[in-house]
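Written below as structure tokens is the structure these notes are about.
In the text below, chain A, chain B and the rest are named by the order of the sequence lines, each starting its count at 1. Just so it is clear, the model here is predicted, and its values are computed rather than measured.
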Amino acid sequence: MKNVIELLKKAEGINGWRVTESATKSYELFFVHEALETVRSTDTVDTEVTVYVEHDGFLGDSGFNVYRSMTDEDIAKKIATAAKRAGLVYNQPYVLPEKAEFKAELKSDMNDIGNFADYAQKIADAVFNAKAPAGGSINALEVFVYKKTLHVINSNGLDKEQVGYSAFVEAIPTFTTEKLSVEIYESMRFTDLNAEKIAKEIAEKLADTKARYEAKKPTTPMTVNVLLRPHEIGQLMSDIAYDLNYTSVYMRANLRKVGEDIQEGGNGDKIDLTMCAVVEGSDASRYFDADGTKLTDTKLIEGGVVKANYGGHRFGQYLGVKEPSGNLPCKVLGKGTLTEKELEKEPYLECVALSGLQVDLYNDYIGGEIRTAYYCDGKKKTPVTGVTMSAKLSDVLKTMRLYDDCDVNGSYKGPTRMLMKNVTVL
Amino acid sequence: MFSTYLDGKRKDMKELVAELKKSFNYVSILGTDVSSTNYRADKRLTSAQDGSGECGFVIKMHDGKSFFEYSLDDVSGDKKALAEHIVSSVKTTPSLDKRMISVAALKDEPLKKDFVRETDFASYSDEYLLGLCKDLSAKICEKDEKVLNGMAMISTMLVSKLFITENRELSQHYGWAYGYLINVYNDGKLVQARDISGKDNLAALIVKLNAGVDKVVDLARHLVKAKPIVPGVYDVITDPSITGLIAHEAFGHGVEMDQFVKDRAMAKHCVGEYVASPIANMHDGAAATESVASYFFDDDGVLAHDTQIIKDGILVAGLSDLASATQLTTEPTGNGRRESFKRKAYSRMTNTFFTVGKDKLEDMIASVKHGYMLFETNNGMEDPKNWQIQCTAEYGIEIVDGKLTENYVSPVVMSGSVPELLKSISMVSDNFEVIGAGMCGKGYKEWVRVSDGGPNLKVRVKLG
């Protein structure tokens, strides 16, 4: 990075610059059944440079990639090309984040480990040690252990660096008999190894996979309450939050405005959604964004009413926001009031595995193909498969209920279950 | 022109292969130099800059039992020290070592070849392409006062790859261009209408984008009136984009043979059996047609193939990378692909499509009493193990008494059992289009560029 900065300082015709360097070291294991097929390791650095050119009352910018292999001459040529391109770009001016220095490590139990192989092995052992029903097994497992360093420097004197450690696990719990074999996809992201939690979650998924084997397609269509799990709740919250990003607003592509009640007339649990920088246990956590902007936790929705937008410093400035929040990575949803006891009062369908939750804000739609679910009538749980759900998103938001307990799942922290009322299941 | 940087690394790569051969039976190095440039304009913003690219090396090693890989940015310097570092970086614990698979040694058949498919990208300046995007954006905005924003994007991608083993030295260089138009439109309801194109030359892409302006304006006017579909089972006519999505999700992912190794694909047990209507034929391959995934050799150094997956309704073959083919003791089909040099190679699709039939599209529409014609891929999800499928179309048009109506529905989620869907194919049109602007993940990661398409199909399927 040092030579890039020296070359940028010497370059003519540019008024500012930003260098973002992302270094990644990883150790990766790929299992076929319980046998280790491939061991991988990586040590790579990505460097992105943006130059800024003031001209004709506008601000142009243009970015390029720098590779370790490039000579100073290569980089100088790239700077010159980017400066020329920036001269073709006529955008509203904005200022870069101001001088600031920061250096920190995100909290993780991996901060002190010297050997990624040992850590990866412990994760694999936790997965394979999960209690499996007769006929249950793990057909494939991938384990990734990462150290990621993000370093941002700009021409205003900003110099920030953060180091984060994390792990990603992709496992395929499977249930097999002589007649049939079925599977469910499972993935986990975390910053601290909790072998017991991993084994418990995998054991639950193995039980769900057995249920998928036993599941039958319902004989008739139904209108039923549908219970979603954290992965899908997080996805829905991402879609709602994305609509409230400064970029969507500036591009006039947003649907909801500040002050609007997205649950108007509803009688369910109200949405309290906050975008956050750091959530303990989430691998998405960070102290600053790719521009180096300090992140400020922002309450987007309170009591179902949109309170604010969020996003990067550039589009924040375009919208006249005094202190843009920065591109916040984590979503925290407030807990609701639904208890298991109340849930059991009416029949519901608990989704275990979806092909993918389909959310279309523009067309007011939520739905998807359900690969496995439990139909619960208050007395027993019956596994079902081969059905598709669909509902009006606005109706779902008005009547949604949220569990009163919370957990972290990727970039989402919030209730572990969400109940959607009166969903069509075919 | 092939990357001068990679060209200059041939000696370093050969020396590193030789050094690592002291520790491994098989060593290959793939060097990549991929660059892209993006031009974009809308009502309020413009940009001209590098897009995502990569430049680095991935080393694949086999010790007579198992596979090892190491990804790094550069291979210059002291090769002995670098080789020692690589060996140490992929070292396992004693417990892991006991669990490693044992498969036969990899073949390293001699071949030296350089492949080039030139582009016309150098004929177009930054000024011209950015100006064109501004012009397209302005044209969309001028068409209707209800247009809130018109966006236009053009992206060019140049790929150079160099593959070296003890006996093999392959290089390839090719390019691809793609672009899109988006109309953000509000007429009581906010909608986005999109038109996405991909071509191997900018001249053809520009023609396509210019023709797309009226299309995104007209489409938005219809989408604001679109209603949700009443869930049910319908006769459906697919446009080539949706045909391709079915091919991709049904028997693209379903025959990726690394899933055979893991017992994650039902297709493993169905080769030689009817899995589709006898009028259905399906191919995949980098050499099967010219589109975004038409390379000359894959990331394992295997030459591109044209693989027929389904012949007259019968499943005949799958798609493999080097590691899966070795474990299955089959020949690799040139489908070993990586998201980048930083990621593992898996069995991946390339250009996947149904081949043409004999029916006329107008006859197909006329044969539907009540159903829908579906257009434009939004997304899809596979389930190779249990053969369930979910494909989402951007929109559909209702067909009543054999005629397309003005009734639009959006979005449309098509789902069900793969064999039931494919066996329901009752008509196949005589036109053909492959759309080269797609991205495909494996599970929820490992994104690579793919194309898919084919003719129009008539199927019976659940829509919701």
- Answer with side chain, backbone, both or neither: which region of A:Y90 has an atom nearer than 4.5 Å to a non-hydrogen atom of chain B? both
- Task: Tell me, for B:L130 versus chain A, whether the close heavy atoms (under 4.5 Å) come from the side chain, the backbone, both or neither.
- Result: side chain
- Could you tell me whether B:E420 atom CD has more than 12 heavy atoms of other residues or ligands within 6.0 Å of it? no
- Could you walk me through whether B:V58 and A:R40 pass the side-chain contact (heavy atoms from CB on, under 4.5 Å) check? CA-CA 10 Å; B:V58 55; A:R40 297 190 85 249; 3.7 Å; yes
- Message: Nearest 0.5 angstrom please: B:F341 CZ to A:T44 OG1, how far?
- Response: 5.5 Å
- Tell me, out of A:S355, A:A117, A:S26, A:S390, who's got the most heavy-atom pairs with chain B below 4.5 Å. A:S355
- Message: Is B:M61 in contact with chain A via its backbone, its side chain, both, or neither, using a 4.5 Å heavy-atom distance?
- Response: neither
- Message: Heavy-atom cut-off 4.5 Å, strictly under: side chain, backbone, both or neither for A:F168 against chain B?
- Response: side chain
- What part of B:V261 is in contact with chain A, defined as an atom under 4.5 angstrom from a non-hydrogen atom: side chain, backbone, both or neither? both
- So, are B:K262 and A:E37 salt-bridged, with charged N and O less than 4.0 Å apart? no
- Message: Please classify the contact between B:Y185 and chain A as side chain, backbone, both or neither, with a heavy-atom cut-off of under 4.5 Å.
- Response: neither
- So which of B:A226, B:P411, B:P228 has the largest heavy-atom pair count under 4.5 angstrom toward chain A? B:P411
- Can you tell me how far CZ of B:R44 sits from CG of A:N91, rounded to the nearest 0.5 angstrom? 11.0 Å
- Task: Answer with side chain, backbone, both or neither: which region of B:V90 has an atom nearer than 4.5 Å to a non-hydrogen atom of chain A?
- Result: both
- Among A:I172, A:I184, A:L180, A:T174, side chain to side chain contact (heavy atoms under 4.5 Å, CB included) partner for B:K385: A:T174
- Interatomic distance, OG1@B:T92 vs OH@A:Y27, rounded to 0.5 Å, equals 5.5 Å
- Heavy-atom pair with the smallest gap, counting every atom of B:A48 and A:S62: O-OG, 2.6 Å
- Query: Given a strict heavy-atom distance threshold of 4.5 Å, which part of A:F144 is in contact with chain B: side chain, backbone, both, or neither?
  - Reply: side chain
- Task: List the steps and the verdict of side-chain contact (heavy atoms from CB on, under 4.5 Å) for A:R85 and B:D50.
- Result: CA-CA 10 Å; A:R85 284 177 176 164; B:D50 279 7; 3.2 Å; yes
- Message: Heavy-atom cut-off 4.5 Å, strictly under: side chain, backbone, both or neither for B:S47 against chain A?
- Response: backbone
- Query: Which residue out of A:S187, A:G63, A:A120, A:G60 racks up the most heavy-atom pairs below 4.5 Å with chain B?
  - Reply: A:G63
- Minimum-distance pair of heavy atoms, taken over all atoms of A:Y362 and B:L190: CD2-O, 3.2 Å
- Query: Looking at A:S181, A:A253, A:P221, which one has more heavy-atom pairs under 4.5 Å with chain B than the rest?
  - Reply: A:S181
- Message: Closer than 4.0 angstrom, basic N to acidic O: yes or no for A:E142 and B:K445?
- Response: yes
- Message: If you apply the rule side-chain contact (heavy atoms from CB on, under 4.5 Å), what do you find for B:D383 with A:R371, and how did you get there?
- Response: CA-CA 9 Å; B:D383 184 9; A:R371 290 182 178 175; 3.4 Å; yes
- Query: Under 4.5 Å between any side-chain heavy atoms of B:L72 and A:D43, yes or no?
  - Reply: no
- Between A:Y365 and B:G464, what is the shortest heavy-atom contact and its length? OH-C, 3.9 Å
- Item | Winner by heavy-atom pair count (cut-off under 4.5 Å) against chain A, out of B:D97, B:D263, B:V184 | B:D263
- Under 4.5 Å to a heavy atom of chain A? For B:N379 that would be side chain
- Message: Quick check for you: among B:K91, B:Q327, B:M266, B:R264, which has the greatest number of heavy-atom pairs under 4.5 Å with chain A?
- Response: B:R264
- Note on the structure: Counting heavy-atom pairs under 4.5 Å with chain A, the top scorer among B:S415, B:C55, B:S66 is B:C55
- Which value, rounded to the nearest 0.5 Å, describes the distance between B:N149 atom CG and A:M251 atom CE? 5.5 Å
- Query: Do other residues, nucleotides or ligands put more than 12 heavy atoms under 6.0 Å from the NZ atom of B:K189?
  - Reply: yes
- Item | Sub-4.5 Å side-chain heavy-atom contact between A:F31 and B:L96 | yes
- Note on the structure: Greatest number of non-hydrogen atom pairs under 4.5 angstrom with chain B, of A:N254, A:V182, A:L361, falls to A:V182
- So, the part of B:K342 with a heavy atom under 4.5 Å from chain A: the answer is both
- Query: When you check the side-chain N and O atoms of A:R252 and B:N186, is any donor under 3.5 Å from an acceptor?
  - Reply: no
- Let me know if B:K98 has heavy atoms under 4.5 Å from chain A in its side chain, its backbone, both or neither. neither
- At a heavy-atom separation under 4.5 Å, does B:I229 approach chain A through its side chain, its backbone, both, or neither? neither
- Which bit of A:K78 is near chain B, if near means a heavy-atom gap under 4.5 Å: side chain, backbone, both or neither? side chain
- Task: Among A:K25, A:E183, A:R68, A:K217, single out the residue with the greatest number of heavy-atom pairs under 4.5 Å to chain B.
- Result: A:E183
- Between B:K134 and chain A, which part of the residue has a heavy atom less than 4.5 Å away: side chain, backbone, both or neither? side chain
- dist B:Q390:CD -> A:I370:CD1 (nearest 0.5 Å) comes out at 10.0 Å
- Item | chain A contacts, top residue of B:L45, B:D33, B:V191, B:N38 (heavy-atom pairs, under 4.5 Å) | B:L45
- Query: Taking A:T42, A:T385, A:L29 one by one, which has the highest count of heavy-atom pairs under 4.5 Å against chain B?
  - Reply: A:T42
- Query: Can you name the residues that form a side chain to side chain contact (heavy atoms under 4.5 Å, CB included) with B:E127, not counting sequence neighbours?
  - Reply: A:K84, A:L88, B:S125
- Is the shortest heavy-atom distance from the side chain of A:E369 to the side chain of B:Q388 under 4.5 Å? yes
- Message: With heavy-atom distances below 4.5 Å as the criterion, would you say the side chains of A:F128 and B:R99 are in contact?
- Response: yes
- Note on the structure: Scanning both residues in full, the closest heavy-atom pair of A:L426 with B:L463 reads CD2-O, 4.5 Å
- Message: If I measure from the heavy atoms of chain A, does B:D42 come under 4.5 Å with its side chain, its backbone, both, or neither?
- Response: side chain
- OG of B:S52 to CG of A:N65, rounded to nearest 0.5 Å, is 8.0 Å
- Under 4.5 Å from a heavy atom of chain A, the part of B:Y395 involved: neither
- If you tally heavy-atom pairs under 4.5 Å against chain A, which of B:K65, B:E54, B:M151, B:K43 wins? B:E54
- Aromatic rings A:Y185 and B:Y444: how do their planes relate, parallel, tilted or perpendicular, breaks at 30° and 60°? tilted
- Item | Under 4.5 Å from a heavy atom of chain A, the part of B:K462 involved | side chain
